[in-house]
Amino acid sequence: MPEEQISSAPLGVLVRRHGAVVAALGLAAGDAVQRALAAALARAGDRTLFELPLPQGPGIATALRADGLEIVLLRPADAGATLLDFVAAVPFAFDIFEQILSDPYQGITVADHTGTMRYVSPVHEKFLGLQPGGGAGKPVEQVIRNSRLRAVVASGKAEIGQPLEFGNAVTRVVNRRPVRRDGQVIGAVGQVMFRDTEAVAQMAAEMQQLRTQLEFYRRELDGLRGTRGAVAELVGESQAMQRLREEVQAVARLDVPVLVQGESGTGKELVVRAIHALGRPGQALVSLNLAAVPGSLVESELFGHAAGAFTGSAKQGRAGKFEMANEGTLFLDEVGDIPMDVQIKLLRVLEERVAERLGSHAAKRLSFRLVSATHRDIGALIASGAFRHDLFYRISGVTLQVPPLRHRLEDIPALLAHFVEAFCQRNRRAVPQIDAGVARHLADQPWPGNLRQLRHRIEEALVFSPPERLTLEAFGRGAVPQAEAAPRREEPARLKDHERTAALKTLADCGGNKKRAAERLGISRSYLYKLLA
């Protein structure tokens, strides 16, 4: 290339012998550049790649030295290239490169697209027993017996954190990454961690400990979510409902039988589901309504039967509720209706925790949580001889009483909102605005059917209300059947009863807000709580 073309190129060449300039071409021809280059060479020492301040901006230079001769190639740092941009931005960029290449804890190997080794860092050369530059130009497998750099070049896929055995029971952790230019793989770089395996094992142990702790906190969080979800259906902030939720949470995780008592429609099954969800989550909840099963079939439902045990039995036999509830929860609804002959057998199962299918002599040991429910007066049944006294104590390790709706009328605004939202979600409808007088109207009703009746009336009213509003008029469709009314013992009216009734109605008018209700009644909140209790 003619000298005038070299002078116009964005490159420079400087040749010095024993510090004296022999030739200077291109960017190196200027005196200012030569002075800057002389200072940079002095700072660089033995380094072959170093930064160089040029009059037009940062530059980069490469020097070859031998027997007092120095040949330097220089060029401006191109801001469009990532490497040169880094060099231009970081004054000590070449020191970083030097540190990376000479890192005593990490060896670097570079292979080209043919699988030929092009570079092995000094620490790796020393480990492999190579002379400086002894691995360059050789097939990678000849330098490192089980090298996978050629495979990474072929696949174009990185291999991160892979173990590599070097013999003599020495194992190191290796990262291998393909190098691309214009979308084509042109080589691969290997990085070997030269920390001992004990240090790597310690890192792995610490990571495992962190994973264990993370899993523990995740389970705790899931448990908190499960607790909130399990009692979410026990709606209401009355003192009776707050007490019931506290009792459910206290008993749920204990291995004791629970008897849930309350009038029909009060939500006993919701209490049972909450106990199961908190006590044995993930296990089966098996239910049997004893009032809905003919007495002659109760034993078969509970114990199951072997193949051909009786006429009409399943040919393969069938598991009973005891077996199905193993490790889970068995819910006996309307337990007060269980036949006397089955009570004796049930008592044996609860005492010995073993059960036999009808027609079989093979007893199976079982583990289940028993929760029973009834709306009947068990004390009266025991007194009449219809219920065994010893069975009662077996099923009632803890007794929970579900309050009737008439004793928690202050919960009606919350129950109204809950039932409306559940109905709209189930039917994919927008939640409507509720007229102001609806809660007051519902609080004035007797509700002998409790929550079940309340939910039915709310859902019926939603059907016949405009989509955007739940109107008071919609509740006028049909009167509450008087036959449903629960018998009440007539008692003389007391002043406290009138005060409580007024408090409940005012609370309903205030949407369940106790502070506003107390202010409207002209009493303190503590006295309001006393009336509601």
Side-chain angles (χ1 to χ4, degrees), residues 1-103 106-113 116-125 132-133 136-137 177-191:
M1 177 181 295
E3 184 175 340
E4 60 272 11
Q5 293 184 16
I6 295 177
S7 299
S8 62
L11 295 171
V13 180
L14 179 72
V15 181
R16 297 195 317 177
R17 183 179 291 278
H18 301 298
V21 177
V22 176
L25 301 174
L27 289 179
D31 292 338
V33 174
Q34 292 181 20
R35 288 193 297 270
L37 185 55
L41 282 167
R43 291 193 302 269
D46 295 333
R47 287 185 296 162
T48 60
L49 185 68
F50 53 91
E51 69 269 28
L52 171 66
L54 296 172
Q56 61 267 47
I60 183 170
T62 304
L64 298 177
R65 304 177 181 90
D67 299 330
L69 181 67
E70 293 175 313
I71 302 175
V72 183
L73 179 66
L74 59 138
R75 60 165 293 171
D78 184 1
T82 303
L83 172 62
L84 297 181
D85 190 28
F86 175 71
V87 171
V90 182
F92 48 90
F94 296 98
D95 301 282
I96 295 175
F97 295 147
E98 188 75 22
Q99 182 174 327
I100 292 174
L101 295 176
S102 60
D103 188 346
Q106 181 174 261
I108 295 178
T109 55
V110 180
D112 63 16
H113 68 285
T116 301
M117 191 72 77
R118 291 300 177 186
Y119 178 79
V120 181
S121 63
V123 66
H124 209 172
E125 288 179 331
R177 294 181 174 89
V179 179
R180 289 180 170 84
R181 178 188 293 164
D182 299 328
Q184 299 296 320
V185 177
I186 60 173
V189 176
Q191 296 170 293

K.L.:
How close do Pro53 and Ala36 get, counting heavy atoms only, and between which atoms?
P.N.:
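Heavy atoms of Pro53 and Ala36 come nearest at O-CB, 3.5 Å.
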K.L.:
Between Ala28 and Leu74, which heavy-atom pair has the shortest distance, and what is it?
P.N.:
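Heavy atoms of Ala28 and Leu74 come nearest at CB-CD2, 3.8 Å.
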K.L.:
Rounded at 0.5 Å granularity, tell me how far CD in Gln34 sits from CG in Leu14.
P.N.:
5.5 Å
K.L.:
How far does CG of Leu73 sit from CD1 of Ile60, to the nearest 0.5 angstrom?
P.N.:
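Spacing of CG (Leu73) from CD1 (Ile60) equals 9.5 Å.
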K.L.:
Who are the side chain to side chain contact (heavy atoms under 4.5 Å, CB included) partners of Arg180, not counting sequence neighbours?
P.N.:
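For Arg180 the side chain to side chain contact (heavy atoms under 4.5 Å, CB included) partners, ignoring immediate neighbours, are Pro178, Val185.
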K.L.:
Which atoms form the tightest heavy-atom contact between Val72 and Ala61, and what is the distance?
P.N.:
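Minimum heavy-atom separation between Val72 and Ala61: CG1-CB, 4.0 Å.
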K.L.:
Quick one: are Val110 and Val179 in side-chain contact, heavy atoms under 4.5 Å?
P.N.:
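Not in contact.
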K.L.:
Tyr119 versus Val189: any side-chain heavy-atom pair under 4.5 Å?
P.N.:
no
K.L.:
In Å and rounded to the nearest 0.5 Å, what is the CG to CG distance from Leu27 to Leu11?
P.N.:
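These two atoms lie 7.0 Å from each other.
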K.L.:
Could you grab the distance from atom CE of Met117 to atom CG of Asp112, nearest 0.5 Å is fine?
P.N.:
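Reported to 0.5 Å precision, the distance equals 10.0 Å.
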K.L.:
To the nearest 0.5 angstrom, please state how far the CZ atom of Arg17 sits from the CG atom of Leu69.
P.N.:
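It is 5.0 Å, given to the nearest 0.5 Å.
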K.L.:
Could you grab the distance from atom CZ of Arg65 to atom CG of Leu41, nearest 0.5 Å is fine?
P.N.:
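Arg65 atom CZ to Leu41 atom CG measures 6.0 Å (nearest 0.5 Å).
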K.L.:
Where the side chain of Gln191 meets the backbone of Gln106, is there a donor-acceptor pair that is under 3.5 Å apart?
P.N.:
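Pair absent, no side-chain N/O of Gln191 close to backbone of Gln106.
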K.L.:
Taking all non-hydrogen atoms of both residues, which atom of Gly59 and which atom of Leu54 are closest, and how far apart?
P.N.:
CA-CD1, 3.9 Å
